[in-house]
Amino acid sequence: MDKKKKLKHTVNKAKEESSMEKKHQNGKSKSIHDILPLDLIHIIFLRVPIRHLARLRCVSKLWCSLISNRDFAELHFHHSPAATNACFFMKNDTMADLVYLDDNDASQKVVCPPFQKKPPSVFLVVGSCRGFILFHRDPHFLVVWNPLTGSSKRISYSHIVHRSKSPVYSRIANNLYLHGFGYDASQDDYLLLVAWCDCEGQYHLDCFSLRTNSWINLDVAVPKLLGFHFWHCGGLFFNGAVHWVPWDLKDYRDAIVIFDLMEMTFSTISAPEQLSCSYPRVALLGGCLALSSPNDDCRNTDIWVMKEYKVHSSWTLYQIPCKHFRPLCLSSDRDIIGRGYTSCGKTGYFIYNVRGDLLKHFKDLCCQLPRREPIIVYTESLLPLPTTDIKDKDNKKKMKKEIHM
């Protein structure tokens, strides 16, 4: 109700601005605000795809004020039927590809992550959450970036490097840490996680709050099975928690490690017993957790979908006749969209139905052979970064108290 009241206040304020604009027109031709009520414009905006909505901010100050409002952005992100899913992956060390896929069309564009320097820095994408993408940037930085709005923030973890310093590494090597990025709805806060191993072999977990703009060393027991050397460094945020899976799965039990951002606790999920142990990947398909891996015959890709979260018996198998297929998202018809290459030499983005029939091959999209670098699928948004609570010390103290309880 509070957000609805705030949004209503924004619409009322926009109406006042519209009235002022009318006074300054002095008999000029009618504007769209004279034809359509602002409330109806607001409803229309909620149905406009986010990419087009971002451009509409340039039409007038009134539209910019309404579209840029945080509460409107939140409402559009959660309730718009025109949500835009984009596939994001690093093309090289300094450039990335954004691929938009839907049932009938596809498009692709090249974007450059922020904070470019000379010589160029190496970026590694390690997570996404609510329209923001998290990068690791050499030598010891994390960067949060919204490609649609351009807003970004750079965070240093040099204090972790000093605490983990060894004679071999001057910084944390890629195989000695895990990253996580998620949103704690109870605090309206984005949290960045860095799990790392010190020179004595002890595991630690540090958390950065974007709202308090501070790091906290979490007093939690990091699972021993997090042998970082063979894990995907970036986690998947889903259902209020970050999920990690290993590169080389030794045992289907406790295959998925979960960290709940509200409870600040670890737990695990077992994979299906029949899952191939070679290079499994975690994905989100139609609001369900999924694992994919090459089949033992090396011709198909097995996709296991957990229809009910944390219910082991709900794992359901789908087989795609495509070698090294990476499922990315579902179409509006619940078909599987992904990228990979087939046994007959086709490379690119494909749509398969759940029976394994090829429905479409996006031939116009440039697609490199799948690499081990993460491919992030995220929902675009106009959401801003949270305002830092510099003066509010109570929230920070409360967070520390809850962590140590």
Side-chain angles (χ1 to χ4, degrees), residues 49-52 81-92 95-111 125 128 133 147-148 232 234 236 245 247 275-276 278-307 316-380:
I50 196 73
R51 277 181 291 164
H52 305 309
T84 303
N85 289 321
C87 171
F88 183 97
F89 62 95
M90 296 303 297
K91 189 173 185 178
N92 51 46
M95 301 174 67
D97 270 344
L98 263 178
V99 180
Y100 300 97
L101 300 169
D102 59 35
D103 304 0
N104 303 311
D105 196 9
S107 60
Q108 188 172 14
K109 69 177 181 180
V110 176
V111 294
V125 58
S128 70
I133 296 176
L148 192 63
H232 298 272
L236 173 71
V245 295
W247 282 110
L275 177 71
S276 173
S278 58
Y279 306 112
R281 294 182 179 276
V282 64
L284 192 61
L285 298 178
C288 295
L289 200 66
L291 287 171
S292 65
S293 65
N295 193 280
D296 292 334
D297 61 11
C298 296
R299 296 180 180 179
N300 300 319
T301 296
D302 289 345
I303 301 176
W304 289 90
V305 178
M306 181 173 264
K307 296 292 185 68
T316 304
L317 174 64
Y318 302 100
Q319 288 192 322
I320 303 300
C322 182
K323 188 177 181 181
H324 299 297
F325 182 77
R326 291 191 187 184
L328 301 174
C329 58
L330 295 186
S331 70
S332 58
D333 295 326
R334 310 291 292 179
D335 297 313
I336 302 172
I337 302 177
R339 83 168 195 169
Y341 56 95
T342 64
S343 56
C344 58
K346 292 183 179 179
T347 301
Y349 295 88
F350 306 91
I351 300 181
Y352 285 89
N353 62 22
V354 293
R355 295 184 299 275
D357 302 319
L358 177 61
L359 303 180
K360 189 164 188 174
H361 176 204
F362 295 99
K363 299 179 181 179
D364 296 332
L365 291 179
C366 176
C367 180
Q368 300 174 352
L369 291 179
R371 304 187 302 167
R372 292 173 70 127
E373 283 79 358
I375 300 176
I376 297 297
V377 178
Y378 79 108
T379 302
E380 290 189 310

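All values reported here derive from a predicted model rather than from experimental measurement.
Pairing each heavy atom of L328 with each of G338, the nearest pair is CG-CA, 3.8 Å. Contact detail for H361 and T347: the closest heavy-atom pair is NE2-O, 3.3 Å. What you find for C322 and T301 is that their closest heavy atoms are O-OG1, 2.8 Å.
The OG1 atom of T379 lies 12.0 Å from the CG atom of L148; values are rounded to the nearest 0.5 Å. In this structure, the separation between OH on Y349 and CD on Q108 is 5.5 Å, given to the nearest 0.5 Å. Taking OG of S293 as the reference point, atom CG of N300 lies at 11.0 Å (rounded to 0.5 Å). Here CD1 of I320 is found 10.0 Å from OG of S292. Values are rounded to the nearest 0.5 Å. Atom CH2 of W304 is separated from atom SG of C288 by 15.0 Å, given to the nearest 0.5 angstrom.
The only option from D302, V354, N353 that meets the side-chain contact (heavy atoms from CB on, under 4.5 Å) definition with Y318 turns out to be V354.
Ring-plane geometry between F325 and F350 is classed as tilted, the angle between the planes lying from 30 to 60 degrees on a 0 to 90 degree scale.
With sequence neighbours left out, the side chain to side chain contact (heavy atoms under 4.5 Å, CB included) criterion links L98 to A86, F88, Y100, K109, V111, P147, Y378.
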- request: Apply side-chain contact (heavy atoms from CB on, under 4.5 Å) to I303 and L285, showing your working.
  value: CA-CA 10 Å; I303 301 176; L285 298 178; 3.9 Å; yes
- request: Starting from the C-alpha separation in whole Å, work towards a yes-or-no answer on side-chain contact (heavy atoms from CB on, under 4.5 Å) for V377 and L284.
  value: CA-CA 9 Å; V377 178; L284 192 61; over 6 Å; no
task: Kindly indicate, with the supporting measurements, whether the criterion side-chain contact (heavy atoms from CB on, under 4.5 Å) is fulfilled by V245 and L236.
output: CA-CA 9 Å; V245 295; L236 173 71; over 6 Å; no
field: Stepwise side-chain contact (heavy atoms from CB on, under 4.5 Å) check, L330 with I337
entry: CA-CA 6 Å; L330 295 186; I337 302 177; over 6 Å; no
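The side-chain heavy atoms of P321 and R299, taken from C-beta on, include no pair separated by under 4.5 Å.
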